[in-house]
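Report on the structure given below.
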Amino acid sequence: MDLAERSRTRELPGNYPFAVKVTYIDETIRTWPNLADKCFEKVRDIMIDHINRLLQEHFGRYTHGGLLEAVNNVVKEQFTRREAATRKKIESICRGETRPCTQNEDYFFYCRSNLLIKYKAVYQKSKGHGSIFGLSSEDPHTEQRLVNEALAALAKLNFYGLKPNDLVKLFPESKMDPALEIMSEARAYFQVAYKRFGDNVPNQIDASYVSGLDDDLELALVYTIPDTDTCSKWLQESPQMANRRTALNERKKRLEAAKANLAPIVRLLSRSIFTEPSQPPQSPVSSAPPTPVEEEECDEGYSDIPDRLEPPTAVLQSFPSPIRSLRDY
């Protein structure tokens, strides 16, 4: 209220210059440019990380020829251009908020009316020992009953849809009413302006920086493609990669030669391992048990048949030269 009183010059009593409201509004929106810059910087950092990942994914293997560096330079240039253009547009939006103005009149009047009722109710509570109507707070039920009766009486006079806070409008004017009106109008404009500003800045960043970079980057990459010789140089591999490819190809040839040499041995091993041994001839069935002499003759006749097949390892040892040379590959 002191600022409003000091700002008066030739105004009539109860009237105060519009500059008082502008002063309070400026105090609320003074930090908005910094908030807009922080919003842009956060989006910029996300975009840079995403682009760097894409560069490494698609051009990371072409570092020797210089393709990665060339593409990276083009991307950086486009980032710089888009950032400068976006910052100018954000500054333009911030400059537009320095002068209070809105076309959203319905929402502004709605906010101002509700805020004025709220501030008047708070002011009356400060005067009435915690009660809007100055009643004793020892019996809150009595105050609620009286308020309901007042609203019912007003409804009989065709004042419908009133709430308890609406009764604040019936209080007589006081010296604090101009201050409450200034407060409610400044706060109502902030309610309208911050919603507008909160939409305009992100939309501008998306249109000018994110989408703008997407539109310009493809054309910039196409127009920076040089002659055929430079493109061939960009796609050259490093000597280390070429040497490794040569070594792997030579190793592949040696393995294929070893596989061809081992093919007959593998087939021979397969026949020796999976072929079943011949069964001994069956003796005539006799009801009498065999004599000890007959048992000895049977054992002597088939003593050269092994009890079980030799394992593959024992069989492989009989082919020392080709098999052992496999570990050299």
Side-chain angles (χ1 to χ4, degrees), residues 18-63 66-112 114-115 182-225 234:
F18 180 68
V20 177
K21 300 175 183 178
V22 174
T23 301
Y24 288 117
I25 291 173
D26 288 341
E27 290 181 358
T28 60
I29 67 175
R30 187 177 302 169
T31 60
W32 286 7
N34 293 333
L35 296 176
D37 290 339
K38 291 181 180 179
C39 178
F40 171 72
E41 290 172 359
K42 186 175 183 179
V43 175
R44 181 195 60 188
D45 294 341
I46 294 174
M47 284 288 295
I48 291 176
D49 293 341
H50 181 66
I51 292 296
N52 288 335
R53 288 197 302 269
L54 291 178
L55 289 176
Q56 291 297 328
E57 179 180 353
H58 295 282
F59 304 100
R61 55 180 177 172
Y62 301 107
T63 57
L67 179 59
L68 176 62
E69 182 180 359
V71 175
N72 194 19
N73 292 335
V74 175
V75 172
K76 286 182 178 179
E77 182 181 356
Q78 295 302 315
F79 266 119
T80 303
R81 292 179 61 255
R82 285 289 95 198
E83 180 176 354
T86 305
R87 285 189 180 276
K88 289 182 178 179
K89 293 182 179 181
I90 293 175
E91 291 176 0
S92 177
I93 293 175
C94 294
R95 284 197 303 269
E97 295 295 340
T98 56
R99 296 181 179 181
C101 181
T102 180
Q103 299 295 324
N104 195 359
E105 296 180 357
D106 294 338
Y107 186 59
F108 174 76
F109 290 141
Y110 171 79
C111 294
R112 186 183 67 175
N114 290 339
L115 289 168
I182 293 173
M183 291 171 55
S184 61
E185 191 160 341
R187 178 63 179 83
Y189 179 77
F190 173 82
Q191 186 71 19
V192 175
Y194 96 87
K195 290 180 177 292
R196 175 182 62 204
F197 186 80
D199 286 337
N200 290 340
V201 171
N203 290 339
Q204 188 61 60
I205 293 174
D206 181 63
S208 179
Y209 190 72
V210 180
S211 299
L213 182 65
D214 187 20
D215 296 337
D216 296 346
L217 186 58
E218 183 176 0
L219 294 177
L221 291 174
V222 171
Y223 287 138
T224 53
I225 296 177
W234 281 351

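Residues Thr102 and Arg196 form a side-chain contact, since some pair of their non-hydrogen atoms from C-beta on lies under 4.5 Å apart. Taking the side chain as every heavy atom from C-beta outward, Leu55 and Asn52 approach each other to under 4.5 Å. Inter-residue side-chain proximity for Lys195 and Tyr107 is flagged as met; some heavy-atom pair is nearer than 4.5 Å. Contact of the Ser92 side chain with the Arg95 side chain is registered, since non-hydrogen atoms from C-beta on lie closer than 4.5 Å. Contact of the Lys38 side chain with the Lys42 side chain is not registered, since no non-hydrogen atoms from C-beta on lie closer than 4.5 Å. Taking the side chain as every heavy atom from C-beta outward, Asn73 and Glu77 never approach each other to under 4.5 Å.
The line from SG of Cys111 to CG of Asn104 is 8.5 Å long, rounded to the nearest 0.5 Å. Note that CD of Glu97 is 10.5 Å distant from CD1 of Ile25, once rounded to the nearest 0.5 Å. Within the model, atoms SG of Cys39 and CG of Asn34 stand 13.0 Å from one another, a figure rounded to the nearest 0.5 Å. Atom CG of Leu115 and atom CE of Met183 lie 9.0 Å apart (nearest 0.5 Å). Here the NZ-CG distance, from Lys89 to Asn200, works out to 13.0 Å after rounding to the nearest 0.5 Å.
Closest heavy-atom contact between Tyr189 and Arg99: OH-O, 3.9 Å. In this structure, Ile29 and Pro33 approach most closely via the heavy-atom pair O-CD, 3.8 Å.
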Quiz item: Would Arg187 and Phe190 count as a side-chain contact (heavy atoms from CB on, under 4.5 Å) if you check the C-alpha gap in whole Å, the side-chain angles of each, and the deciding distance to 0.1 Å?
Solution: CA-CA 5 Å; Arg187 178 63 179 83; Phe190 173 82; 3.5 Å; yes

Exercise. Report the C-alpha separation of Glu83 and Arg87 in whole Å, then their side-chain angles, then the decisive distance to 0.1 Å, and conclude whether the salt bridge (Lys or Arg N to Asp or Glu O under 4.0 Å) test is met.
Key: CA-CA 6 Å; Glu83 180 176 354; Arg87 285 189 180 276; 3.3 Å; yes

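Heavy atoms of other residues, nucleotides or ligands lying less than 6.0 angstrom from CD of Glu41 number more than 12.
Side-chain atoms of Arg82 come within 3.5 Å of backbone atoms of Ser208 as a donor-acceptor pair (strictly under, hydrogens ignored).
The only member of Thr86, Asp45, Leu35 that meets side-chain contact (heavy atoms from CB on, under 4.5 Å) when paired with Phe40 is Thr86.
The aromatic rings of Tyr209 and Phe79 lie tilted to each other, with the angle between the two planes from 30° to 60°.
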